[in-house]
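Below is one structure, written out as structure tokens; the observations come after it.
In what follows, every chain begins at residue 1, and chains take the letters A, B, ... in the order their sequences are listed.
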Amino acid sequence: MATDRSAVDDRLSAVLRDERGRLIAALVRILGDWDVAEELVQDAAVAALEHWSTDGIPHNPGAWLMTAARRKGVDRLRRQSRYRERMVELTREATEMDAGVATDGPMGTDDRLRLLFTCCHPSLNREAQIALTLRTIGGLETPAVARAFLVPEATVAQRLVRAKRKIRDAGIPYRIPEPAELPSRLDEVLRVLYLIFNEGYLASTGAAAERRDLARDAEWLTSLLLRLMPDEPEVIGLLALMRLHLARWEARFAADGSLVLIPDQDRTLWDRSAIDDAVELLGRARRIRRPGTFQLQAAIVAAHAVAPSWQATDWDAIVTLYDELHRIEPTPVVALNRALALAERDGPAAALAEVEPLADRLGSYHLFHAARAELLRRSGRGEDARAADERALELTDNPAERQLLEARIRQAGSERSAGPT
Amino acid sequence: MKYMMLIAGSEEGWAGVTPEEGKRLYDEVSRWWGEHASAGRIIGGHQLQPVATATTVRRSLDGETTVTDGPFVEGKEVIGGYGILDVADLDEAIAIASTWPMPDVLEIRPVVDGD
């Protein structure tokens, strides 16, 4: 039975998207060699194109690829005696596969989890962690990773090569961390996933569709992590946070591509059922009773997402959540955001009193000046507000943010020239 | 795998450590070292004399030699000792370094194995 080549192409890409991480993880576990593992998956994909076109798409394409990759592995390693033990393992698992042993068992699951912890090992730098995670678990090709982070392809390729070399040469293990290390190691993984998400969600450079894909990739990786670690409340918190953000995607940009802030967003564009699901998910985390930074951030976004309007938002609840967040994460950025919620509850003067002392530490952060400008404007200090907006403009390159700030400065100028009324 | 664990002290880390506290930390290090050494996780190493005793010998390709006073890197952190670890992987090395009793900075690097 011959199958249309392009149908095979599409199916194969979809299968690889879901299965690549699992395949690589299993092969890395057996072989201990990332490059060989990747090449074998590549070989299996080539074989799939050929066979699926003539014989039809198999019933379980993921298992087919795993079997093919293992057979390729056996062929390749046959002559290398140092791989003898590993070859036995490959052959055994390939045989089990033929006998119909499911690939979806806990073994496949653990492999990917192990791989994720290796990709996000703290002895790798952030760029390497991100590139490895996207490439290896997320199944993105190197050019896609490069486009996502607006760096040359060669740079990403180099990062991947260096990271893999470090994993091998420094002896970074391929396992799930011990319970004692788990909290800090899991936190590292969550931070990497959150950074990937934010790169897609916040950056407005690059093609919008691609940015959204990246945010969705991060969401997919986090949902995978949740399947692997279903009882970790911070994993749930991060996933809920991402889903709450994604649910408001349509309302975040105006027709001209400029950023629309929450107060001005058209709430009818928000995906209500996605918001409800995320809020319910967050409830699951709360019941575990181990609060954390991602759960609190998600709870804050949830409070916005369930409010019928900006005015009717439960500011008291949001200020309380920021208080809790500040206890866990006493950073000036959290304090700034808390002050902005306070402005809604107690007025701009109360918020300004909290914001001004942050100038020392946030002086080079554009959002500090933008937030301060807004509070000054609402306090009737138009001149000071304009100066603060201009300072913010000097400090950001983000086109959507620049557009917003420039519009505010223009507006302030025209109001002034119109004179007091 | 074998790792070299370089131990560097910084003024920042040691600021505010009283002489009694320092004495306690040294005792703690002896105990710590002995424990890992007898378990075979530390297979060598030494404490070094203070950095004031350091001499740097610089060699160039054309055979020129320059001898100067002091360590080869002038930094806030000064190498005060080293240990050779023999452990399963980097995580075990990190776990050991993470229990070092003193407020120091430790660098872990795999050694190149001869074979």
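Using a 4.5 Å heavy-atom threshold, the side chains of A:I30 and A:R70 count as touching. Side chains of A:L224 and A:L228 form a contact here, defined as non-hydrogen atoms less than 4.5 Å apart.
Interface residues of residues 86-110 of chain B toward chain A, defined by a heavy-atom distance below 4.5 Å and sorted by number: B:D89, B:L90, B:D91, B:I94, B:P110.
A:F197 and A:Y194 have parallel rings, their planes meeting at less than 30° on a 0 to 90° scale where 60° marks the start of perpendicular.
Summarising the local packing, CZ of A:R162 is surrounded by 12 or fewer heavy atoms from other residues, nucleotides or ligands at distances under 6.0 Å. For A:R289, the CZ atom counts as loosely surrounded, since its 6.0 Å shell holds 12 or fewer non-hydrogen atoms of other residues, nucleotides or ligands.
Of the atoms belonging to A:E181, it is side-chain heavy atoms, and not backbone ones, that fall under 4.5 Å from chain B.
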Quick one, A:E39 with A:K72, criterion salt bridge (Lys or Arg N to Asp or Glu O under 4.0 Å). Give me CA distance, side-chain angles, the key distance, then yes/no.
CA-CA 10 Å; A:E39 283 163 22; A:K72 300 270 174 202; over 6 Å; no

